[in-house]
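Here, residue 1 is the first one in the sequence, and each next residue gets the next number.
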Amino acid sequence: GGGWNSGDRSLQVPMAQQIAKAGYVTIPVEYRLIPEALYPAGLHDIKTAVRWARANASKYGIDPDRIAVSGCSAGAQLATLTGVTNGSSRHEGEGMWRNVSSDVQAVVSMDGVATFVSPGNISGCEQYFRERGKLQVGPIWLGGLYDVASENWNEASPVKWITSASAPVCFINSELPRYHDGRDELVSVYKSLGIYSEINPVGAPIHPFWLFRQWAEPTVNYTVAFLDKV
């Protein structure tokens, strides 16, 4: 989470513990944030973490054929991109364990966007810059506004990279439309390819709902039910 700019993997430990109670090995993962590196470094870090998990599967009791990735907000966008781009060499990076696959078999996205290149997001980021004279965090992470960094904007948008190898996705969402961007388009393309996806609204009027007990519990329940299913 944290808009690709802040946060710490320790924030995910409580949810990881709850999911682990259902019988899953859960591993909070760190990725480089804006103060350290811009896109695609964070994606490459997650792909590397998946390869590490698969390479160490026997040591930690992991089934190497059943690895899922989840995330919240910015982490959810990266998790979705990780799962959609199974087999995409241009998204892989140069991290360690390159002889091991980074493919995942499921994705859980908690209020993460599935595209940056929607007309509303492009125009909204441009308007923000005109009115305030500074970039929003998304364009900072991607290297500039769309007209400057369109290649990154497209490459970081999960909806642009869906193939028959893409992993099933579970969306868990607040009531805020901003964080649903690209979701329905992804679900539509998945349906046409016969890839499973689901949308689960939790009824939260705030974005970081997963940090609050009343929404954290249904979030865990949706996550576990999805993982059990796929």
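- Residue Arg90 places its CZ atom among more than 12 non-hydrogen atoms of other residues, nucleotides or ligands, all under 6.0 Å distant.
- Atom-to-atom distance recorded for Gln77:CD and Leu43:CG is 8.0 Å, nearest 0.5 angstrom.
- Asn200 and Cys170 make their closest contact through ND2-SG, 3.4 Å (heavy atoms, listed as atom of the first residue, atom of the second, distance).
- Results of the side-chain contact (heavy atoms from CB on, under 4.5 Å) test with Val189 over Val187, Leu193, Leu186 single out Leu193 as the only residue that passes.
- Between Gln105 atom CD and Leu227 atom CG the span is 11.5 Å, to the nearest 0.5 Å.
- Pairing each heavy atom of Val25 with each of Tyr60, the nearest pair is CG2-O, 3.7 Å.
- Interatomic distance, OG of Ser88 versus CG of Asp103, reported as 10.5 Å (0.5 Å rounding).
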Q: Let me see the working for Thr115 and Asn121 under side-chain contact (heavy atoms from CB on, under 4.5 Å), right down to the final yes or no.
A: CA-CA 9 Å; Thr115 188; Asn121 187 53; over 6 Å; no
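- Applying the 6.0 Å contact sphere to CZ of Arg98 captures more than 12 heavy atoms from other residues, nucleotides or ligands.
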**Q.** Trp4/Phe116 under ring pair (Phe, Tyr, Trp, His ring centres under 6.0 Å): CA gap, chis, key distance, verdict
**A.** CA-CA 14 Å; Trp4 308 281; Phe116 290 102; 5.5 Å; yes
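- Screening Lys160, Glu155, Lys47, His91 for a side chain to side chain donor-acceptor pair (under 3.5 Å) with Thr85, the sole residue that qualifies is Lys47.
- Checked against side-chain hydrogen bond (donor to acceptor under 3.5 Å, both in side chains), Asp8 has the following partners two or more places apart in sequence or in another chain: Ser10.
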Q: Decide yes or no on side-chain contact (heavy atoms from CB on, under 4.5 Å) for Thr223 and Tyr24, but give the supporting numbers first.
A: CA-CA 11 Å; Thr223 297; Tyr24 291 93; over 6 Å; no
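- Closest heavy-atom contact between Met96 and Thr48: N-CG2, 3.9 Å.
- Taking a 6.0 Å sphere around CD of Glu151, one finds it holds 12 or fewer heavy atoms contributed by other residues, nucleotides or ligands.
- In terms of modelled atom types and a separation under 3.5 Å, the side chain of Ser150 and the main chain of Asp147 share no donor-acceptor contact.
- Here the closest non-hydrogen pair linking Leu176 and Pro205 is CD2-O, 3.7 Å.
- Remark: the backbone N or O of Ile199 is not paired with any side-chain donor or acceptor of Tyr222 at under 3.5 angstrom.
- Linking Ile, Leu, Val, Met, Phe, Trp and Tyr whenever their side-chain heavy atoms come within less than 4.5 Å leaves Phe171 and Val230 in two separate clusters.
- Residues Pro158 and Ala114 come closest through the heavy atom pair CD-O, 3.0 Å.
- For Thr163 (side chain) and Ala165 (main-chain N/O), a donor-acceptor pair under 3.5 Å exists by modelled atom type.
- Minimum interatomic distance between Lys134 and Tyr128 (heavy atoms only, all atoms of both residues): O-CD2, 3.3 Å.
- Of the options Phe129, Tyr146, Trp153, a side-chain contact (heavy atoms from CB on, under 4.5 Å) to Pro139 is made by Trp153 and by none of the others.
- With rounding to the nearest 0.5 angstrom, the CD1 atom of Ile27 is 10.5 Å from the CZ atom of Arg9.
- Atom CD of Glu175 sits in a crowded spot, with more than 12 heavy atoms from other residues, nucleotides or ligands closer than 6.0 Å.
- Residues that satisfy the side-chain hydrogen bond (donor to acceptor under 3.5 Å, both in side chains) test with Asn173, not counting sequence neighbours, are Asp111, Arg183.
- In this structure, Tyr31 has no ring-ring contact (aromatic ring centres under 6.0 Å, His included) partners at least two apart in sequence or on a different chain.
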